[in-house]
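A note on names: the letters A, B, ... follow the listed sequences, proteins ahead of strands, and every chain is numbered from 1.
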Amino acid sequence: MPDIFEIDLNVSEERLKGISEETGTGLSLDELKVIRDYFVKEGRNPKDIELQALGQAWSEHCCYKSSKYYLKRYLFNFDAPQNLFVIKEDAGLVEFDKDHAYAVALESHNHPSAIEPYGGAATGIGGILRDVVCMGAQPIALVDPIFFAPPTTSSELIPKGVKHPKYIFSGVVDGIRDYGNRVGIPTVSGMTAFHKGYLGNCLVNVGCVGIVKKKDIVYSRVGNVGDIYVLAGGGTGRDGIHGVTFASKELDDDSQVSSRSAVQVGDPIMKEPLIHACLEANEKKLLTGLKDLGGGGLSCVVGEMALAGGYGAKVTLENVHLKEKDLLPWEIWVSESQERMMMSVREKDLNKVLKIFRKWDVPAVVIGKVIQEKRLLIEWHGETIFDMDLEFLTEGPMYKRPFKKVSTRNENVEFGEPEDYNGTLLSLLKDYNCACDDWVVRQYDFEVRARTFSPPLVGMENCETHADASIIKPLEDSERGLALTSDVNPHFMVLDPFWGAASAVDEAVRNLVAVGARPHSFADCLNFGNPEKPEKMWEFVQAVQGLAHVISKIGATFVSGNVSLYNEGPAGACPPTPTIMGIGLIDDVNKSVTTPFKGNGNLIYIIGNTKDELGGSAYLRYRGIAGGIVPRVNPYELSNASFSLIELMGKGMVISCHDISEGGICCTLAEMCIGNEIGAAITLKGKLRPDKELFSESNTRWICEIDPNDRAEFEDGLRAHQVAFTILGATGGDRLRMAKDGKMLVDIEVKSMKEAWQRPLWDIMG
Amino acid sequence: METKDINVCVLRIEGTNNEQEIYDSFKRLGANPSFVHLNEFKSLENFQCLMIPGGFSSGDYIRAGAIFASRIRSRFWDDIKDFVRDGYAIGGICNGFQVLVELGLLPGFSRSIGKVNACLAENDSARFECRHTVLKHVGPNKCVFTRALPENEVLVIPSAHAEGKLLLADDKLYERMEKNGQIVFRYCDRSGRTDCGYPWNPNGSPQNIAGICNEKGNVFGMMPHPERAFYKENANGHSGKVIFESVINYIGERF
């Protein structure tokens with residue numbers, strides 16, 4: 001077979017579909033017709049490498065063809081004064097202080113992780129680190145929200161071609177651990193959620209935050225005509241071919257075999273020095289542009305960098321260093337092999353750049369240069385094998401896909417009151433979605449770099465409880481910090497994608513506020529099903545509007561994100577899952593607040609209103625009751641309460657704080673008791689039935705511990721912003737006691753709660 | 001010599017990744033640290049202290065610290081032996097400790113420097129674990145990295161490793177180390193008891209050993225990370241900072 005061959009597109013429609021399939025490009029019939037017309041004008045047929053490049057550039061993954069219409073319409077209309085450069089590049093840039101910015105990126109690596117959990121999750125980290133590095137930023141923290149079917153799922157329920165969720169969960173955590181720990185960036189936050197809808201469609205999202213001096217910010221665009229393209233890092237191989245096209249369709253029972261080669265192979269020990277070398281070259285002002293090789297490999301990065309700079313490019317393809325010989329030109333061009341970065345360099349600086357990479361033992365080769373005309377030319381041993389208009393190549397189609405409302409069971413449901421509250425509480429603490437996740441968290445190095453001011457587990461040694469958000473102090477000589485959290489509740493999403501998405505933003509805000517940080521920016525990773533199905537498109541459009549409903553009022557916007565569609569497999573579609581990463585700013589990390597109770601005899605307050613909103617709650621799931629009302633969000637109340645609490649925390653008035661989420665007031669108090677083994681006695685005063693009051697998952701609520709001497713000032717502070725609050729009781733003793741109307745509901749030792757809460761994941765995962 | 005003149009070599013290769021925090025720790029105390037990549041290393045001549053940072057040097061794909069150790073050995077083994085003999089200080093934290101053991105510098109009995117007679121084996125839990133550990137200073141202040149910390153003081157220092165169980169070639173060597181005062185830190189619980197088991201001892205290290213020094217006291221290795229607890233003051237007023245203060249204080253007095 002020759003290295004290069006022509007593909008005749010002047011054929012029947014049937015044949016065109018065949019071409020899409022045989023080349024693995026995933027192009028639709030309509031798209032192929034547009035391509036045919038382009039080449040008719042050029043007076044020739046495309047070469048295979050050209051069609052492959054179009055398949056990459058026009059994939060859902062690369063050009064957001066199904067989502068960008070709705071994102072632009074609903075989500076990208078908001079701005080915030082702290083935003084410096086957002087949405088447009090691989091990471092968003094937000095002001096940290098006068099001289100520094102932070103970079104935010106969030107992505108999915110779902111399909112690869114479903115096929116090969118270890119490699120898929122590991123290379124997800126690799127990719128997100130590069131997204132941050134290519135802005136010139138030093139990565140400072142990783143965030144890993146992951147979603148699986150319950151690890152207890154019976155083997156009989158696993159369809160052909162699907163791996164057991166326990167195996168996938170374990171492999172994903174191993175992959176994150178072995179890559180993240182080796183590369184030396186702390187994994188400080190994340191969430192682990194379980195829902196049966198993730199069977200066959202696990203979601204592995206990964207976020208990264210970096211810090212950069214404003215003067216060192218570099219963009220993913222070439223500088224000038226004559227600049228040299230330098231490709232640095234690992235060799236190019238056959239791993240990761242057609243990664244983006246495979247990520248832009250549903251998985252089937254054969255994907256495990258047929259798509260194995262779409263998953264890349266990670267090498268953190270190439271990545272670690274690659275990061276150092278890129279940042280060193282950038283700080284010395286030797287780079288005019290820097291971009292990572294992710295989805296689509298060279299085929300995306302070369303063209304996008306050239307076009308963003310207003311130019312074109314000419315590439316000498318045989319210069320690319322390879323992992324194995326005999327790769328075909330199109331394979332080299334679209335391979336997504338890991339650990340590679342592309343730089344554009346002025347000719348006079350070339351040797352200085354190559355020298356830096358030699359010091360770090362990182363290969364770096366010249367593969368092309370910037371030309372005036374906005375075209376992309378590729379030579380292969382002297383022959384021109386690629387010659388296309390860049391705008392046509394990278395623009396991609398945009399669709400306004402139709403959607404259709406799905407009927408959901410989002411109305412009030414009737415059920416009886418439980419008799420055994422102690423037992424109910426213990427069962428909820430054992431629910432995998434509520435239980436301690438330290439089986440996961442402790443496998444990650446969350447303190448490497450020594451900038452983790454407040455870790456994901458807080459409290460006494462070997463007694464720690466969940467933190468709401470981790471805090472990183474990025475700079476040596478500044479006490480300013482960044483708080484990080486990631487949130488979404490798939491159980492809400494399934495019932496109501498609008499309010500579920502709104503709740504995800506509310507929870508992210510709550511978590512940031514709970515540690516004393518003001519919400520400063522957000523990233524979203526929108527994981528949904530097949531957009532060609534109107535019902536799945538409806539979920540997407542609803543969720544985007546739900547996000548907009550809250551984000552429009554809180555003074556911080558989405559600065560970066562990613563859309564992952566086609567999360568469907570032999571067992572159906574995944575729950576609609578808009579993962580939200582929240583980044584908060586705290587001026588003085590020493591004033592931050594943590595979850596566990598700190599002393600005896602302090603007052604316990606609940607901030608916010610508890611409503612009859614139990615749809616999707618851990619309690620109703622435990623009771624086996626479907627439906628119910630998913631919690632609503634009033635963004636004005638959220639904004640007021642947040643502002644008020646942050647102000648009071650700044651005055652040092654809040655001793656501990658925890659947001660109320662899964663398991664309601666009851667589980668929140670339990671987690672606060674566990675961290676320092678301090679009990680509490682509370683009396684419920686609301687109008688709801690006791691179980692509803694205890695287990696409702698209404699949004700915009702927190703529990704706070706306050707010194708009795710600060711009572712008046714604390715309450716005045718809340719009243720000044722019209723924030724609802726109630727005193728529940730006081731801390732102390734070694735039991736958690738909860739009563740209502742003179743009846744004791746819960747009375748249980750902190751140690752028993754701890755035992756129930758801490759064991760579940762260890763017991764099932766080993 | 002004056003603190004500002006104390007030159008600390010923070011050695012790095014691909015996969016070392018705790019070098020910045022070690023650098024920062026010395027810098028905060030007024031010493032003069034510098035990063036040296038092994039590829040650019042010339043000699044130890046102008047340094048008084050060599051630090052091997054934590055991380056996953058060369059990926060640790062063979063055995064923790066083994067690749068880095070053999071690359072050091074082939075580059076400047078003689079230089080290192082002279083450095084130790086002359087009383088200069090070498091410290092290894094986490095992966096750095098593993099490297100020093102793989103080099104035969106620890107336990108470092110004076111008659112057998114360079115002989116590898118120990119290893120840091122996989123944790124009993126067979127996994128990487130990140131948790132805050134409590135350490136008791138059990139040494140008789142022989143080690144130059146802990147001389148500012150009184151005996152029996154307890155410190156909370158974070159641990160994060162998969163291979164931290166110190167195994168010696170011969171059980172008698174534990175006694176010999178004990179007799180020589182080479183055991184510096186043991187894992188303990190919050191009350192300072194060292195017979196507390198997992199998870200207080202996160203890796204199953206025999207006799208709860210967390211950190212040791214050579215017979216002479218100038219080569220020191222520990223699994224937990226004092227550079228991550230530089231500012232985290234315990235009730236006794238000490239923090240991870242004391243490790244760096246101690247060695248600066250030693251070098252200042254001695255040279």
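Atom NZ of A/K213 has 12 or fewer neighbouring heavy atoms from other residues, nucleotides or ligands inside a 6.0 Å radius. No more than 12 heavy-atom neighbours from other residues, nucleotides or ligands sit within 6.0 angstrom of OH on A/Y167. Other residues, nucleotides and ligands contribute over 12 non-hydrogen atoms within 6.0 Å of the NZ atom of A/K598. Open room surrounds NZ on A/K751; 12 or fewer heavy atoms of other groups in view lie less than 6.0 Å from it. Surrounding CZ of B/R63 are at most 12 heavy atoms belonging to other residues, nucleotides or ligands under 6.0 Å away. Dense packing is recorded around CZ of B/R75, with more than 12 heavy atoms of other residues, nucleotides or ligands lying under 6.0 Å away.
In this structure a side-chain-to-backbone donor-acceptor pair under 3.5 Å is present from B/N17 to A/R182. Judged by distance alone, the side chain of A/D445 and the main-chain N or O of B/A160 form no donor-acceptor pair under 3.5 Å. Not one N or O on the side chain of B/E129 forms a donor-acceptor pair closer than 3.5 Å with the backbone of A/R442. With hydrogens and angles ignored, the 3.5 Å screen pairs a side-chain donor or acceptor of A/E272 with a backbone N or O of B/G15.
Considering only heavy atoms from C-beta on, A/W360 comes within 4.5 Å of B/R12 through its side chain. By the 4.5 Å heavy-atom criterion applied to side chains, A/E461 and B/R190 are counted as neighbours. By the 4.5 Å heavy-atom criterion applied to side chains, A/W439 and B/R127 are counted as neighbours. Looking only at side-chain heavy atoms (C-beta outward), B/R228 and A/V448 come within less than 4.5 Å of each other. At a threshold of 4.5 Å between non-hydrogen side-chain atoms, the residues A/V362 and B/E14 do not count as touching.
Heavy-atom distances place the side chain of B/Y198, and not its backbone, under 4.5 Å from chain A. Interface remark: A/V183 contributes backbone atoms only to the contact with chain B (heavy atom separation under 4.5 Å). Using a 4.5 Å cut-off between heavy atoms, A/R177 contacts chain B through its side chain alone, with no backbone atom that close. No part of B/L38 comes within reach of chain A, as not one of its non-hydrogen atoms sits under 4.5 angstrom from that chain. Residue contact with chain B, scored on non-hydrogen atoms closer than 4.5 Å, is absent for A/M270. When heavy atoms are compared at a cutoff of 4.5 Å, A/E476 approaches chain B solely by way of its side chain, counted from C-beta outward. Heavy-atom distances place no part of B/F230 under 4.5 Å from chain A, backbone and side chain included. In this structure, chain B has no heavy atom under 4.5 Å from any part of A/D178.
Put simply, CG on B/D189 and CG on A/N462 are 9.5 Å apart, with the number rounded to the nearest 0.5 Å. Interatomic distance, B/C130 SG to A/E447 CD, rounded to the nearest 0.5 Å: 5.5 Å. Here the CG atom belonging to A/N181 is positioned 5.0 Å from the CZ atom belonging to B/F56, to the nearest 0.5 angstrom.
Between chain A and the options B/K27, B/E19, B/R28, the largest number of non-hydrogen pairs under 4.5 Å is found for B/R28.
The minimum heavy-atom distance linking A/T452 with B/K232 is given by the pair O-NZ, 4.0 Å.
Remark: B/D24 does not engage A/R449 in a salt bridge, criterion side-chain N to carboxylate O under 4.0 Å.
Using bins of under 30°, 30° to 60° and over 60° for the plane-to-plane angle, the ring pair B/H132/A/F446 lands in the tilted bin.
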